Amino acid sequence: MPELPEVETIRRDLLPLLRGRAFTHVWVSPDAPRLVQAPSPADFARLLPGRRIGDVSRRGKFLVFHLSGGLYLLVHLRMTGALLHRPSGAPPDRYVRAVLALDDGSELRFSDLRKFGALWLLPDPSPVLGRLGPEPLDGGLTPSLLRELTARRRAPIKSVLLDQRALAGLGNIYADEALFAAGLHPQRPASSLSVSEVERLHEAIGRVLTAALDDRGASFSDYVDASGREGRHQFRVQVFRRTGEPCYVCGREIARVKVAGRSSHFCPRCQPEGRGEGGLRQVGGLPRARRDALVTKPNEVSQ
DNA sequence: CTTATTCCCTGATTGC
DNA sequence: TGCAATCAGGGAATAA
C-alpha cells in the first residue's frame with residue numbers, strides 16, 4: 001500500500017529522470033474505466049502529448065507532475081498501483097492500465113492489479129488536493145495543530161490518523177506503527193488524549209515516516225518503486241501484520257482489532273486501553289541480539 | 001458538522 | 001484435493 005514514504009521514494013527517483021521530458025503519446029486501457037477521473041479519457045489522451053514536465057512534487061499520497069501550459073497531472077496509486085519508469089523496449093509488466101510515452105523513448109507505465117488507482121489532468125489541482133490536511137514531514141503538522149484536530153473528535157485515534165482531511169499521507173501501516181511508537185491504543189477516543197500524549201504521537205509520526213523513508217518504503221504485498229524494486233521497511237515494522245508474534249519491546253503477543261474497517265495491530269501491554277503510562281517506543285527494530293532473543297521463528301514477511 | 005458502513009477490485013488465503 | 005467464501009485496504013459514496 002503506497003503511503004507517504006513510498007510515494008515520496010517514487011517522487012525522488014522520478015524527478016531527475018523526468019524533468020525536462022515531454023509526453024509523446026498516451027494509451028489508457030478500455031478495461032480501466034475509472035482510472036482517468038478528469039477530464040474525459042479522450043481529452044486526457046489528446047491534452048497530454050507535447051506537454052513538458054517541470055517539477056515533480058507530492059501532496060499526501062498524490063504525485064503531482066507540473067506540466068507546460070499550466071496543467072497538472074495527478075497520480076494516486078491507492079492500493080496496488082505502481083508507476084513504473086521503463087526504458088525503450090523494456091519487457092512487458094503485469095496489470096498495466098495506462099502507458100505514458102516520453103520523448104526519450106522511455107515510458108511511464110501505470111500498473112494496478114485492483115484498479116483503484118486514479119489519474120487527473122487539471123489546470124488547477126486544488127479541487128482534488130485542497131481538502132488534504134497538513135503534511136507531517138515538512139513542518140505543516142505542528143503539535144498544536146494535532147492537538148486541535150484530536151480535541152474535537154471522539155472517533156478512535158486510528159480513524160483520525162487515517163483521515164486524509166486531518167493529516168495527509170498516513171495509511172494503515174504507518175498509522176499502526178505511529179500508535180505503537182507513541183504507546184497509544186488504536187481505539188482510544190481521539191479527544192481523550194492528553195497534551196503530552198498528543199505530543200508523543202506527533203513525535204512518533206515524524207520518526208516512523210522518516211525511518212520508512214530511509215528504508216525506501218515497505219513492500220508488504222504489491223508496492224514497488226519506479227524501477228520495480230521493493231522497499232525494506234517491511235522487515236523493520238514493530239506491529240503491522242505481526243499478529244500473534246511477540247512484541248519486540250515486552251514480548252507480549254501482538255493483537256489485532258478492526259478500527260474504521262481496517263485491521264489494526266498493536267501491543268496490548270505497550271499500548272494500554274486507558275490513559276496513563278505508555279511512552280515513546282523505538283522505531284525501526286531492535287538491536288539484532290535482543291530481537292533474536294525474542295523472536296521464536298524467523299520473522300520474514302509475515303502473513 | 002460528525003461517525004459508521006458499503007462498495008469498488010482481484011489474487012491470496014482459509015474453511016469445509 | 002477442489003471449490004467457494006472470505007480477506008486485504010484507500011477513499012468515495014451513502015446512511016444515520
Side-chain angles (χ1 to χ4, degrees), chain A residues 1-8 10 28-38 58-64 74-83 93-98 110-120 125 127-133 136 148-179 186-193 209 212 217-224 230-231 233-234 237 239-244 254 256-266 300-303:
Chain A
M1 304 128 259
E3 306 179 22
L4 188 155
E6 289 77 23
V7 178
E8 178 64 15
I10 294 170
V28 178
S29 169
D31 194 37
R34 296 167 180 271
L35 174 56
V36 177
Q37 297 275 312
R58 179 192 55 77
R59 183 75 175 87
K61 302 175 195 173
F62 289 84
L63 275 172
V64 183
L74 307 185
V75 178
H76 200 302
L77 302 173
R78 297 276 165 88
M79 285 288 299
T80 57
L83 194 60
D93 291 290
R94 300 183 79 185
Y95 312 118
V96 172
R97 313 300 184 190
F110 189 91
S111 165
D112 189 15
L113 187 155
R114 281 175 221 187
K115 302 182 185 176
F116 288 174
L119 305 173
W120 296 257
V128 177
L129 304 180
R131 299 184 154 188
L132 292 173
E148 287 168 31
L149 274 166
T150 53
R152 61 183 159 80
R153 297 192 51 172
R154 256 181 284 223
I157 184 61
K158 169 79 183 275
S159 303
V160 176
L161 293 183
L162 292 176
D163 185 350
Q164 301 299 299
R165 295 165 307 185
L167 63 157
L170 287 198
N172 211 30
I173 300 171
Y174 301 113
D176 279 3
E177 293 297 305
L179 288 169
Q187 288 174 310
R188 282 277 301 279
S191 54
S192 78
L193 268 59
L209 292 176
S219 298
F220 278 95
S221 47
D222 303 272
Y223 168 71
V224 289
E230 298 189 343
H233 198 65
Q234 66 275 20
V237 291
V239 289
F240 187 74
R241 291 200 185 171
R242 295 195 60 244
T243 312
I254 301 303
R256 185 173 74 165
V257 291
K258 281 268 183 195
V259 181
R262 303 288 175 257
S263 293
S264 298
H265 313 77
F266 68 102
E300 289 307 288
V301 205
S302 39
Q303 288 193 23

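Chain naming here is simple, since letters A, B, ... match the order of the sequence lines and numbering starts at 1 in each. Quick caveat: nothing in here was measured; it's all calculated off a predicted structure.
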Show the distances under 3.5 angstrom between N or O atoms of the protein and N or O atoms of nucleotides 8-10 of chain B.
residue	atom	partner	partner atom	Å
B:dC9	OP1	A:Arg34	NE	3.4
B:dC9	O4'	A:Arg114	O	3.4
B:dT10	OP1	A:Lys115	NZ	2.8

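With a 3.5 Å limit on both pairing distances and Watson-Crick or G-U wobble geometry required, the stems of 3 or more pairs in DNA chain B span B:2-16 with C:2-16.
A pairwise comparison of heavy atoms in A:Ser219 and A:Gly231 identifies OG-N, 2.8 Å as the closest pair.
Looking at residues two or more places apart in sequence or on another chain, you find a side chain to side chain donor-acceptor pair (under 3.5 Å) between A:Glu8 and A:Arg11, A:Arg12, A:Arg58.
At the phosphate of C:dA8, OP1 or OP2 sits under 4.0 Å from a side-chain N or O atom of A:Ser263. Checking the phosphate oxygens (OP1, OP2) of C:dC7, no side-chain nitrogen or oxygen of A:Arg256 falls inside 4.0 Å. Here A:His76 reaches the OP1 or OP2 of C:dG11: one of its side-chain N or O atoms lies under 4.0 Å away. Put simply, A:Lys258 has no side-chain N or O that comes within less than 4.0 Å of OP1 or OP2 on C:dC7.
Between A:Arg262 and A:Val160, the one whose closest nucleotide on DNA chain B sits nearer the 5' end is A:Val160.
Defined by atom type and a distance below 3.5 Å, a donor-acceptor pair is missing between the side-chain atoms of A:Asp93 and A:Ser111.
Atom C1' of nucleotide B:dA4 and atom NZ of A:Lys158 are separated by 15 Å, given to the nearest angstrom. Remark: C1' of C:dC7 and CG of A:Asp222 are 14 Å apart, rounded to the nearest angstrom.
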